Amino acid sequence: MVRRARALGLLIAIAAVCAGSARAPAQAPAAPRPVGSDPANGRLLFTRMTCHYCHGTEGQGSIVGVGPRVARPARSYESFARYVRRPSGRMTAFSETILPDAALSDIYAFLRSLPAARPVDEIPLLGRLRQR
Amino acid sequence: MTPPYGPVVVVADATLQEEGIPLAERPRLRVPRLTRTSPPAADAGAVAELAQLLVAAENPRLFAGRVARTPRGLALLVELAELLQAPVVEGRFVYRMNFPSRHPLKMAIGTSLADADLVLSLEHPELFHYTHAMTPPNRFGMRVQRLLEPGAKVVTISSAELLTKSNYQDAGRYIEADLAIPADAEATLPALIEACRRLITPARRRFFEQRGRRVAEMTASQYEQNLAQAASGWDARPVSTGRLAAELWDQIRHEDWSLVSDANFVSNWPLRLWDFTRHHQYIGWSGAYGIGYGAPAAVGAALANRRHGRLSVNIQCDGDLHYAPAVLWTAAHHRIPLLTVMHNNRAYHQERMFVTDMAARANRDVSRSGIGNDLADPFIDHVSLARAYGIAGIGPVEHPADLAPALRRALDIVRRGEPVLVDVITQGR
């Protein structure tokens, strides 16, 4: 019951925000959103644009030679975008028609926001794999 | 079964099947003695020429395809590699259990051949794809570029060349080999090893030892890279295929185990992490991209393993299972011990990837690639499916931390001599 009441409260809050937006004056366009500012949207787009097919939902990578780790890219956004548009390897090329710059920059922001990979030595099971 | 192996169809017409044999003729009938055919080995001249090339090479690669037909084939390839201290490479489709996965001379799957001065391809049907780069199917164009250095030599030993007049062929693209030997590789290896041994001088042996040390350093580093990549997706949900393989290995490593499924669709993680040493430990790639092969092949291999008391492990793709799911009943009916762990990425994932490639190539919306390929809405309930066919079902396992306990429960069931299925919700690859 408490949960239902909280959900109802949230719905009312969302409705109020939406209603407020609807009443905002049309002559004052919102400032353009800074590029790469929305990693949460980037996470959604990473899946929607099928990046996770090869690179995994956390950008962890898996497939040899095809789906390397892409989480926490070291390269700049410009370099990242150049590669996505015109990859040199086996990767699918994503044009701006398919994947607009704003969306790509959010994906970049998502990948940059991911935590560092855990060191192997922190995972006992992987340590046991070294033993034969 | 005589090399070259291949599909065989035996046709007995209806009359032959249904007509009775007159009683008077029955005493004359006999089953002919089975003639064992010697596999075709290479001629001595070709072996001598190849041995000279191998001993003289600075940086050779032994590129293994369908080499080890039998356990002897594995032992022979190890002997050749160790004699020359030459690295062994396999492509991303690992056709047979050719070489111990953690041998110091075993390079990581898919290691480039580009820096080799001699490539010896042993029964590999796809050599061209590793000696050449081609425009990938997701781009326009048909560019082909040789990857090997100028002057690098290519030698092939392949019984597939003996198939070129049959109806069904697995010839691959034409290879401009410097020496093409149409013979069975396993049958040729003993003569090749002896021919090499005769040519190796003390100076060459010292050089080989240095080379072996360099290769061992590289392969140790490649193994560490695999561990690091497995760690990278360790806590991911859905469960990463690297973690799936690692957790599975941790629980079977002390058993006499056998992986009765292909590993390509789980990014070859078992082959990258586990310690494969014996011929029966891997069933090998099916040889095609057909679906529906995996589950029946696994049950067949598990049946063969049963009398040896081996633990059969099947990492089962979800799309593949639904082409012949009744094979689960076969396993139940015949009491075939088999651990089936679902690689349940809830899709025909290979097809999704391909459709994405094609959509992007045509500048179209890639987000619709799941249409017809996602196995969702509703998700398939594999646990109920297993139970419907009379085998135990565990799961679905959605959280990586739940995987080890689920596998422990499942292994208890298999050790009692029964089949079991664990449904694991996994990453795409």
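Computed from a prediction, not measured in an experiment: that's the story for all the values here. Chain identifiers are assigned alphabetically (A, B, ...) following the order of the sequence lines, protein sequences preceding nucleic acid strands; residue numbering begins at 1 within each chain.
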Colleague: Non-hydrogen atoms of chain B under 4.5 Å away: do they reach the side chain of A/E96, the backbone, both or neither?
Modeller: neither
Colleague: If I compare all heavy atoms of A/Y53 with all of B/G370, which pair ends up nearest, and what's the gap?
Modeller: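 So the minimum-distance heavy-atom pair works out to OH-N, 4.1 Å.
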Colleague: Who among B/G428, B/A404, B/S369 has the most heavy-atom pairs with chain A under 4.5 Å?
Modeller: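 Between B/G428, B/A404, B/S369, the count favours B/S369.
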Colleague: For side chain to side chain contact (heavy atoms under 4.5 Å, CB included), just list the numbers for A/C54 and B/M353, CA-CA rounded to whole Å, side-chain angles, deciding distance to a tenth of an Å, and then say yes or no.
Modeller: CA-CA 8 Å; A/C54 299; B/M353 296 164 88; 3.4 Å; yes
Colleague: Given heavy-atom pairs under 4.5 angstrom as the criterion, report whether the side chain, backbone, both or neither of A/I123 touches chain B.
Modeller: side chain
Colleague: Can you tell me which portion of B/D275 sits under 4.5 Å from chain A's heavy atoms? Options are side chain, backbone, both or neither.
Modeller: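 Only the side chain of B/D275 comes within 4.5 Å of chain A.
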Colleague: Which one, B/Q229, B/R102, B/E247, leads in non-hydrogen pairs under 4.5 Å with chain A?
Modeller: B/R102
Colleague: Could you check B/R243 against A/Q60 for side chain to side chain contact (heavy atoms under 4.5 Å, CB included), going step by step and ending with a plain yes or no?
Modeller: CA-CA 12 Å; B/R243 179 149 186 182; A/Q60 74 271 15; over 6 Å; no
Colleague: Measuring heavy-atom distances to chain A, does B/D235 have an atom under 4.5 Å in its side chain, in its backbone, in both, or in neither?
Modeller: side chain
Colleague: Please flag which part of B/I109 lies under 4.5 Å from any non-hydrogen atom of chain A: side chain, backbone, both or neither.
Modeller: backbone
Colleague: With a 4.5 angstrom heavy-atom cut-off, which part of A/P87 approaches chain B: side chain, backbone, both or neither?
Modeller: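 Contact with chain B involves both backbone and side-chain atoms of A/P87.
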Colleague: B/Q427 versus A/H52: any side-chain heavy-atom pair under 4.5 Å?
Modeller: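 They are not in side-chain contact.
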Colleague: Side chain, backbone, both or neither: which part of B/T241 has a heavy atom under 4.5 Å from chain A?
Modeller: side chain
Colleague: Mind checking whether A/V64 and B/R272 have side chains closer than 4.5 Å, heavy atoms only?
Modeller: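 Side chain of A/V64 against side chain of B/R272, heavy atoms only: contact under 4.5 Å found.
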Colleague: Decide, yes or no, whether a salt bridge links A/E58 with B/R237 under the criterion of side-chain N to carboxylate O below 4.0 Å.
Modeller: no
Colleague: If I compare all heavy atoms of A/T92 with all of B/T356, which pair ends up nearest, and what's the gap?
Modeller: CG2-O, 4.2 Å
Colleague: Minimum heavy-atom separation for B/R139 to A/R90, with atom names?
Modeller: NH2-C, 4.0 Å
Colleague: Does any heavy atom of chain A fall under 4.5 Å from the side chain of B/D357, the backbone, both, or neither of them?
Modeller: both
